[in-house]
Amino acid sequence: MADDQHEEVSKKVSAEEEIRRGITVMRRVVQGRSRGIILDVCWNNQGQLIEPNGHTLTSFIGALVRNEIPITCDDWRNKELNESKEKIWSEIKRCFNIEEERRGFCMKLAGKLLRGFQTFLSSKFLKDADGNFVDAELPKKYESLISAEEWEAFKSKRQDPVFQRISATNRERASSPAYPYRKGRVGYGRLEQSMLQKEESSETSLPAHVLWKEARVGKSGVPQEEVLHVYQKCEELSQSLSPDDTKGILSRALDVPEYSGRVRGKGFGVTPTSLSIKKGKAPSNRELHARLEAMQAELDALRREREASASTVYRDASDKNSINCTFQPNIPEGISHCQLYLSSPYYRMVGKGKVHNVSGVLLHTRELPAGCLKVSVDIAVEPNAALPYPSDDSDATTVHEAVGSFVAWPTNLICVGYEYILRILNDNKDAEKLFFIPFNTGGHWLLFAINPIREIVYYLDSLGNDWTTYPDMKVLIDTVLQAFRVQRDIQTSRRGANSITWIKVACPQQRNQIDCGYFMLRFMRDTLALGRLMIPTDYFEEFKCAFYTKDQVDEIKEEWCQFMIELNVFS
C-alpha cells in the first residue's frame, strides 16, 4: 500500500498547479497543431509514458478531462461517457503521434486525472482544517469548467454518509505513510528513465525494489534506515526466490498483499501481463491462429515420423548383456501404480496400470523403444484410444485390447501416483502457498487448488459436477496430503487423519462442451491476479459471474496463445 500513498499526498499539493499547467499546455499544443506540429511520445518497455513529451501529454489529457467530463461522474466505465471519451481520444490523436493500441492507457490515465481533480476540489473548497464539510460556493476561477447545477450535485454527493466514511478511511491511510514517496509529481516510469540515463545503463528496466528505494530518497540524498532495511530484505529475497514467483519480492519484504492488476513498486501503467509479455505490436487473432495451425502441423509431422520409425526401434534382445537400459530417474525405481496418458489430439488420461522401472527390463524379449518404459495395463479409461506403440506379440492396438498385457509407453506420458506432486509440496513446505493441479478426467478439464498446510482442497468444475463423480481423483489428492502430513511430522488423531477439507467453489459455468480447458485456465488467472491463499465458496467478488462472456474466454485464449509463442516452443 505504501507506494500508492504518494499519489494521495501529491494530488493535494500539486493539483492546482497541474490545472494551471494543463491550461497552458493545452493552448501551446493546440497552437502548435495549427502550425502542423504533431508531438511524438515515448513509452518504456513496460508500457509506461516517459519523456520526451510524457509530461506534456499527461497535462493535455488532464485539461481535456476537466473540459469534457462532469465532476459528478462516479463511474469512469459508464457507457454514457463513451462520446466524451471518443472526443478526448480524437483530440489526443490530432496533437500527438500516438498508436491506437495506446488508447487503453490514455483512457485509464484520464480516469485517474478526473479522480485527482475531484479530490482537489473537495479538499480545497469543501473541507475545513479539521476535515469537516464546508458548504462553499462555486469558485469563480472554475466557472468556465463547472456549472452551478453541477457544483451543487457534486457537493451533495460529498455529503453522502457512505462517501464520507470511505473518504475518512482514505484520508487516514494517506495521513502518515510508513514509507513516504519523495519524488513529487515524477512517477515511477520517468524516475526509472532518469536513473537509467544517469547510470548510462544498457538495461531497459530496473527491479521494483530498486525503484521503490530511490522513490523514497528526498533532497538530502540519504534514504531512511527503515527504507534501507526493506531494500536489504529485498536483496536477500532476490537471491532465493524464483523470478516467476507469483508474489513479488517487494510485497514479501513489506509483508503486504498483492492487488489485482498492479505491480508494486512499478507505478501506473504496469500490470502483471505487461511484465510477462514484451511490449510491441501485438499479433492479431488471425496471425495467432495461423501460427498455432503451423505449430499443430509440425506436431503432427513429428508424431508421424515417430510412428513410422517405431517398428525399427524394436530389435531382438535375448542376450540381456547387450541391453543398454537404466531406470528413469523421474519415476521411482521398481514397480509402481501409474496413470497412462496420451498427448494427441489433446492431453488426457487413457488408462491405469503399473510401470516397471527396472534396469535391464525387456518387453517380450525385445529392448524397449528409446524414452519408453514397460507398463502393464490394468484399466482402460478410454478403451478405443490407440496405443503409442502397438504390441507386435499380442496384436493389441488399443488400450482396451492391451488390458492384462505389457506394452511400451513414453516416459513423459506416465504419471506415477502421488510421488511427483508430493515432491513439489515438500520443496515448498516452509511457506503457506496455494498449489494448482489441473486435472483431465478423460474428456473434461477441472481444477484443484490445494493449500497443503491447512489441508484444504478447493474444487472448481465448470460443469458443476461434485468431486464424488471422480472418486479415484479424490483418493489420490487425499493420499498426497496425508503423505505430506507424515513427512512434516504432524501428529494427528485417528479421527483427524480424515480431516482434509474439500470445498466445492461456485465458479462460473461453461455453456458449451468445449471450453472447459479455458475456464480452468481462467480460474487460475483470477486467483493469481488477486494473490490470495483462499478461494471463497461463492468465488471471488471481483470476478463473480454465472458464466464467462465470449470476450473473457477469448481473452484467456489469446493470452495462452501469446504465452506459447513467447516461450518459443516451436521455432
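Just the heavy atoms: all of them, side chains too, but no hydrogens, waters or symmetry mates, feed the values below.
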Take atom NZ in Lys108; do more than 12 heavy atoms of anything else shown fall under 6.0 Å from it? no
On the ring face of Phe406, is Lys374 found with NZ or CZ under 6.0 Å from the centre and within 45° of the axis? yes
Steps toward side chain to side chain contact (heavy atoms under 4.5 Å, CB included) verdict (Tyr548, Asp515): CA-CA 10 Å; Tyr548 289 131; Asp515 282 338; over 6 Å; no
Matching residue for Leu460 among Ile535, Thr527, Leu446 - test: side-chain contact (heavy atoms from CB on, under 4.5 Å): Ile535
Geometric class of the Tyr539/Phe523 ring pair [parallel <30°, tilted 30-60°, perpendicular >60°]: perpendicular
Is it true that a side-chain atom of Thr398 and a backbone atom of Ala385 form a donor plus acceptor pair closer than 3.5 Å? no
Apply side chain to side chain contact (heavy atoms under 4.5 Å, CB included) to the pair Gln46 and Ser205, showing each step before the final yes or no. CA-CA 8 Å; Gln46 294 161 162; Ser205 65; 3.5 Å; yes
Which is it for Asn384 and His400 under the side chain to side chain contact (heavy atoms under 4.5 Å, CB included) test, yes or no, and what are the steps along the way? CA-CA 6 Å; Asn384 295 326; His400 173 71; 5.6 Å; no
From CA spacing to verdict: side chain to side chain contact (heavy atoms under 4.5 Å, CB included), Ile450, Ile456: CA-CA 6 Å; Ile450 300 177; Ile456 297 176; over 6 Å; no
Heavy-atom side-chain proximity of Leu109 to Phe268 below 4.5 angstrom: yes
Return yes if some donor-acceptor pair links the side-chain N/O of Asp466 with the main-chain N/O of Thr469 below 3.5 Å, else return no. no
When rounded to the nearest 0.5 Å, the distance separating CD1 of Ile335 from OG of Ser376 is 8.0 Å
Do Leu342 and Trp409 come within less than 4.5 Å of each other through their side chains, counting heavy atoms only? yes
Inter-residue atom distance Arg264.CZ - Arg252.CZ, 0.5 Å rounding: 12.5 Å
Once rounded to the nearest 0.5 Å, what's the spacing between atom CG of Leu49 and atom SG of Cys106? 7.0 Å
Glu401 side-chain N/O to Thr397 backbone N/O, donor-acceptor pair under 3.5 Å: yes
Could you walk me through whether Arg532 and Glu542 pass the salt bridge (Lys or Arg N to Asp or Glu O under 4.0 Å) test, one step at a time? CA-CA 12 Å; Arg532 297 176 187 168; Glu542 294 86 344; 2.6 Å; yes
Tell me the closest heavy-atom pair linking Pro508 and Phe543, and the distance in Å. CG-O, 4.5 Å
Do you know which two heavy atoms are closest between Ala408 and Leu368, and how far apart they sit? CB-CD2, 4.0 Å
Expected output: side-chain Asn428 to main-chain Ile424 donor-acceptor under 3.5 Å: yes
Heavy-atom side-chain proximity of Leu250 to Val230 below 4.5 angstrom: yes
Would you check if Asn440 and His444 make a side-chain contact, meaning some heavy-atom pair closer than 4.5 Å? no
With rounding to the nearest 0.5 angstrom, report the CZ to CG distance, Arg485 to Asp478. 9.0 Å
Thr549 and Asp551 side chains, donor-acceptor separation under 3.5 Å: no
Quick check: closest heavy atoms across His356 and Leu373, and the distance to 0.1 Å? O-CD2, 4.4 Å
How about Val457 and Thr501: do any of their side-chain heavy atoms sit closer than 4.5 Å? no
Just by distance, do the side chain of Gln509 and the backbone of Gly464 share a donor-acceptor pair under 3.5 Å? yes
Quick one: are Phe435 and Phe448 in side-chain contact, heavy atoms under 4.5 Å? no
Asn512 backbone acceptor or donor facing Gln510 side chain under 3.5 Å: yes
Taking the six-membered ring for Trp, are the ring centroids of Trp212 and Tyr179 within less than 6.0 Å of each other? yes
On a heavy-atom basis, the closest approach of Leu481 and Glu455 is O-OE2, 4.2 Å
State, yes or no, whether a side-chain contact exists between Asn44 and Glu192 at a heavy-atom distance under 4.5 Å. yes
Distance under 6.0 Å and angle within 45° of ring axis: Lys504 vs Tyr459: no
Looking at Tyr188, is Lys266 sitting on its ring face, NZ or CZ under 6.0 Å from the six-membered ring centre and within 45 degrees of the normal? no
Nearest atoms (heavy-atom pairs only) where Ala396 meets Leu387: O-CD1, 3.6 Å
Tell me whether the NZ or CZ atom of Arg102 lies within the 45° cone about the ring axis of Trp43 and under 6.0 Å from its centre. yes
From NZ (Lys429) to CD1 (Ile453), nearest 0.5 Å: 9.5 Å
Nearest 0.5 angstrom please: Met534 CE to Asn451 CG, how far? 10.0 Å
Nearest non-hydrogen partners of Pro410 and Ile414, listed with the distance: O-CG1, 3.4 Å
Would Arg525 and Glu555 pass as an ion pair if we require N to O under 4.0 Å? yes
Heavy atoms from other residues, nucleotides or ligands near CD of Glu541 exceed 12 (cutoff 6.0 Å): no
Describe, in one word, how the ring planes of Tyr518 and Trp560 are oriented to each other, choosing from parallel (under 30°), tilted (30 to 60°) and perpendicular (over 60°). perpendicular
Decide yes or no for Ile477 and Trp467: does some side-chain heavy atom of the first lie under 4.5 Å from some side-chain heavy atom of the second? no
With no hydrogens and no angle check, just 3.5 Å: does a side-chain donor-acceptor pair link Tyr470 and Asn465? yes
